[in-house]
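First the structure, in the form of structure tokens, and then the observations on it.
Everything numeric in this text was worked out from a predicted model, so none of it was measured. Within every chain, numbering begins at 1; the chains are lettered A, B, ... in the order of the sequence lines, protein sequences first and strands thereafter.
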Amino acid sequence: MTTIRLHNTATRAKETFTPLNPDYVRMYVCGPTVWDRAHLGNARPVVVFDVLFRLLRHVYGPDHVTYVRNITDVDDKINAEALRRRQAGAPGTLEALIHQRTEETIAWYHADMDALGALRPTFEPRATDYIRPMVAMIEDLIARGHAYAAEGHVLFDVRSYAAYGRLSGRSVDDMIAGARVEVAPFKRDPMDFVLWKPSSGEEPGWDSPWGRGRPGWHIECSAMSHELLGGSFDIHGGGIDLQFPHHENEIAQSRCAHPEEGFAKVWMHNEMLQVEGKKMSKSLGNFFTVRDLLDRGVPGEVIRFVLLGTHYSKPMDWTAEKARQAETVLRKIAEFLGEDPLTKDSIDTQYAKAPQEVVDALANDLNTSSALTLLATYLKNRQELQLVGTLSLLGFNLSSLTTALAPFSFHAGDNGFASGYRLTTHGTEGSVYGSMLIELGNRLSELRAQALKTKDFSSVDALKSALVSAGVEVRMEKQGVSLVPGVGFDPAKLEALQ
RNA sequence: GGCGGGUUGGCGGAGAGGUUACGCAGCGGAUUGCAAAUCCGUGAAGACCGGUUCGAUUCCGGUACCCGCCUCCA
């Protein structure tokens, strides 16, 4: 069996991965707070841990991996949006408006992450469905002397857990010296964090032993992972920015509530994403969502390819140039896969498996960059079986790849009964510009056939340069012509040609 | 102030203590009505300063710069 090695943030070392249960893997990854569209940074852990999920399924079997990714639907930004809608005259209670908002954003999240080729996790628990287990865990923490109620709040007592700070390599005293913590008079220690807080009438709330209120952010992951995966499980993932305080607090809560259990064994953190060398932020004007990119015509496969190009443990920079390069490679792949079956060996790729060297690359702490290098090798050597198997393991959807990126070819045909130009494509021929390209391609083929006899190429060259200026690559081949809408393709410029 | 990540050829980006990474772009050639695509060939590297070693871009120490976290954040 493939040996998987993963870098464990908790031990700061690359370790051989051994599941607690030898043939059943349990993984928990911190998911989105569903208050708005997912931005590109949100997509990185989704894709990274999707590849890990796929690798684990490959090694242990599809039914031997449970992947939990939570949905945080209790959040002040969600409340604020619901309140804004009510003030703008929207009908319904605040709770109904909150529900409406989260239903909207969850649907967006699913659509956007689907477009990136991410498999849905086994479970996607919503915080609001697990309030009771959270309350029970908080009561337990109080009973065990790790938490205390004060002025409607319940706080975790960080001084009661000696290992607090171990994951992130901090000490409570050092952090207090840095002193940017909220100093509330009812806290025993400035680092104590909220498990439960009171809700006003303008905020969603649940009844609890401490009055009507809502859970703090960290407790949901402790409660939901325990409910769905048990007190000990294999992998816990998320962005490095969650290492502190979120994951530190999760550990404190879970280990203190279940001291006999181990909680997560391996901690994995992906580094941050930047855009053109800077942190993505609205104020810098380089903030965009996954949907923004998709709407701009960047295929999900291209986004995925770029994200997998950099090892997850390194900061990664999103640039337009990278997207262009990724699209160039993927177009070549799409073209190869979409080639006329008569011109290449016929291979049944339905059961194509990724070569062991690809599995080994991923098993080496998810070396996705090396896997992409192997992908390029298979393309160059025209190893279709290996190529398809690798694409599948890496989570690239073959049909949407060829649909989005394959070229249109018009080849002269004469079978003795009829002659003309036969279209060969896996491209989006059904779309508006697809039909335009088909019409223009046929026209170009005919003009060229005439020009080859008359030696007057002026009309061919005129149409060709018009196509090129619309961002369509034009290839004149012996057998016919091919039109390849490229990275800078602008269908609007084709309208004038019709 | 504390904790963590990064620095590789024009650009992106890996592995490996000694043997070509690879991709994109460039250059030369083949090919083409002209191009494009393709194929063949090809130059180019590891922030800086020390140390270990027969040998370091790869290990160790230091310096510089960039980025993140310590407050909601993937």
Side-chain angles (χ1 to χ4, degrees), chain A residues 9 12 29-33 35-36 38-49 69 72 75-77 165 167-182 191 193 217 237-248 269-274 277-281 305-317 319 321-329 331-332 335-336 361 364 367-377 379-380 407 409 448 451-458 460-461 464-465 467-468 472-478 481-484 486:
Chain A
T9 316
R12 284 149 230 275
V29 174
C30 290
T33 300
W35 68 286
D36 204 352
H39 63 244
L40 191 60
N42 297 123
R44 193 173 188 197
V46 171
V47 170
V48 164
F49 291 106
R69 187 179 62 204
T72 301
D75 177 79
D76 289 346
K77 289 188 285 279
L167 176 74
S168 53
R170 299 152 202 257
S171 78
V172 174
D173 293 324
D174 286 349
M175 285 185 283
I176 290 168
R180 275 209 288 176
V181 288
E182 183 193 354
M191 291 307 296
F193 57 91
W217 172 39
I240 188 71
D241 55 337
L242 295 181
Q243 186 187 27
F244 189 90
H246 183 57
H247 291 160
E248 198 73 70
H269 292 99
N270 61 278
E271 256 291 343
M272 297 291 98
L273 178 135
Q274 295 171 248
K278 297 204 169 76
K279 183 181 180 176
M280 181 163 68
S281 74
F305 195 97
V306 172
L307 291 175
L308 295 183
T310 301
H311 191 256
Y312 77 88
S313 67
K314 288 191 174 187
M316 102 140 251
D317 196 15
T319 64
E321 173 59 18
K322 275 189 186 175
R324 193 199 62 74
Q325 286 193 13
E327 187 163 341
T328 301
V329 174
R331 278 187 189 284
K332 287 180 188 173
E335 183 172 1
F336 174 58
N364 180 18
N367 194 335
T368 48
S369 176
S370 290
L372 293 181
T373 297
L374 290 167
L375 195 67
T377 310
L379 174 66
K380 190 179 175 185
S409 297
R448 177 159 179 267
L452 284 171
K453 291 172 190 157
T454 64
K455 301 297 173 196
D456 175 9
F457 288 92
S458 56
V460 178
D461 288 340
K464 188 176 88 175
S465 57
L467 283 162
V468 169
V472 180
E473 184 186 300
V474 179
R475 300 180 196 163
M476 302 288 195
E477 289 142 350
K478 277 217 165 64
V481 304
S482 293
L483 299 186
V484 187

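Atoms CZ (A:Arg12) and C1' (B:G5) sit 12 Å apart, rounded to a whole Å. Rounded to an integer number of Å, the gap from A:Leu375 CG to B:A21 P is 21 Å. The CG-C1' distance, from A:Leu307 to B:A74, rounds to 11 Å in whole Å. The distance between atom CG of A:Asn270 and atom P of B:G6, rounded to the nearest whole Å, is 14 Å. Note: CE (A:Met316) to C1' (B:A74) measures 13 Å, nearest angstrom. Rounded to an integer number of Å, the gap from A:His246 NE2 to B:C70 P is 13 Å.
With distances taken from any side-chain atom of A:Pro315 to the nucleotides B:A36, B:G6, B:A35, the minimum falls on B:G6. Candidate nucleotides B:G4, B:A25, B:A14 were compared by shortest atom distance to the side chain of A:Arg324, and B:A25 ranks first. Nearest nucleotide to the side chain of A:Phe244, out of B:A14, B:C22, B:C70: B:C70. In the set B:A74, B:G4, B:G13, B:G4 carries the atom at the smallest distance from any side-chain atom of A:Glu271. Listed nucleotides: B:A14, B:A74, B:C24. Nearest to the side chain of A:Lys332: B:C24. For A:Arg170, whose side chain is taken as the heavy atoms from C-beta onward, the closest listed nucleotide among B:A74, B:C3, B:G33 is B:C3. Distances were taken from every side-chain heavy atom of A:Met476 (C-beta onward) to each of B:U7, B:G33, B:A74; the shortest belongs to B:G33. Closest to the side chain of A:Lys314, from the set B:G23, B:U7, B:A36, is B:U7.
Residue-to-nucleotide contacts include no donor-acceptor pair under 3.5 Å from the side chain of A:Lys322 to the base of B:C11. For A:Gln325 against B:G23, a side-chain N or O and a base N or O form a donor-acceptor pair under 3.5 Å. Put simply, the side chain of A:Asp461 and the base of B:G33 share a donor and an acceptor less than 3.5 Å apart.
Judged by the 6.0 Å distance and 45° axis criteria, A:Arg69 is not positioned over the aromatic ring of A:Phe49.
Not counting sequence neighbours, the partners of A:Asn364 by the side-chain hydrogen bond (donor to acceptor under 3.5 Å, both in side chains) test are A:Lys14. Remark: A:Thr377 pairs with A:Asn381 by the side chain to side chain contact (heavy atoms under 4.5 Å, CB included) rule, at least two apart or across chains.
Side chain of A:Arg324 to backbone of A:Thr319: no donor-acceptor contact under 3.5 angstrom is found.
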Reading RNA chain B 5' to 3', what string of ( ), [ ], | and . shows its pairs, if Watson-Crick and G-U wobble pairs count only when both distances fall under 3.5 Å?
(((((((..(((.....[...))).(((((.......)))))....(((((..]....))))))))))))....

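Separating the P atom of B:G18 from that of B:A56 is a span of 12 Å, rounded to the nearest Å.
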For the pair A:Asp241 and A:Met272, evaluate side-chain contact (heavy atoms from CB on, under 4.5 Å) and give the outcome as yes or no after the intermediate values.
CA-CA 8 Å; A:Asp241 55 337; A:Met272 297 291 98; 3.4 Å; yes

Between A:Thr9 and A:His247, is a side-chain contact (heavy atoms from CB on, under 4.5 Å) present by the stated rule, with each step listed?
CA-CA 11 Å; A:Thr9 316; A:His247 291 160; over 6 Å; no

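In B:G29 the base sits anti relative to the sugar, since the glycosidic angle is further than 90° from 0.
Contact annotation: A:Lys380 side-chain N/O to B:U38 OP1/OP2 distance is not under 4.0 Å.
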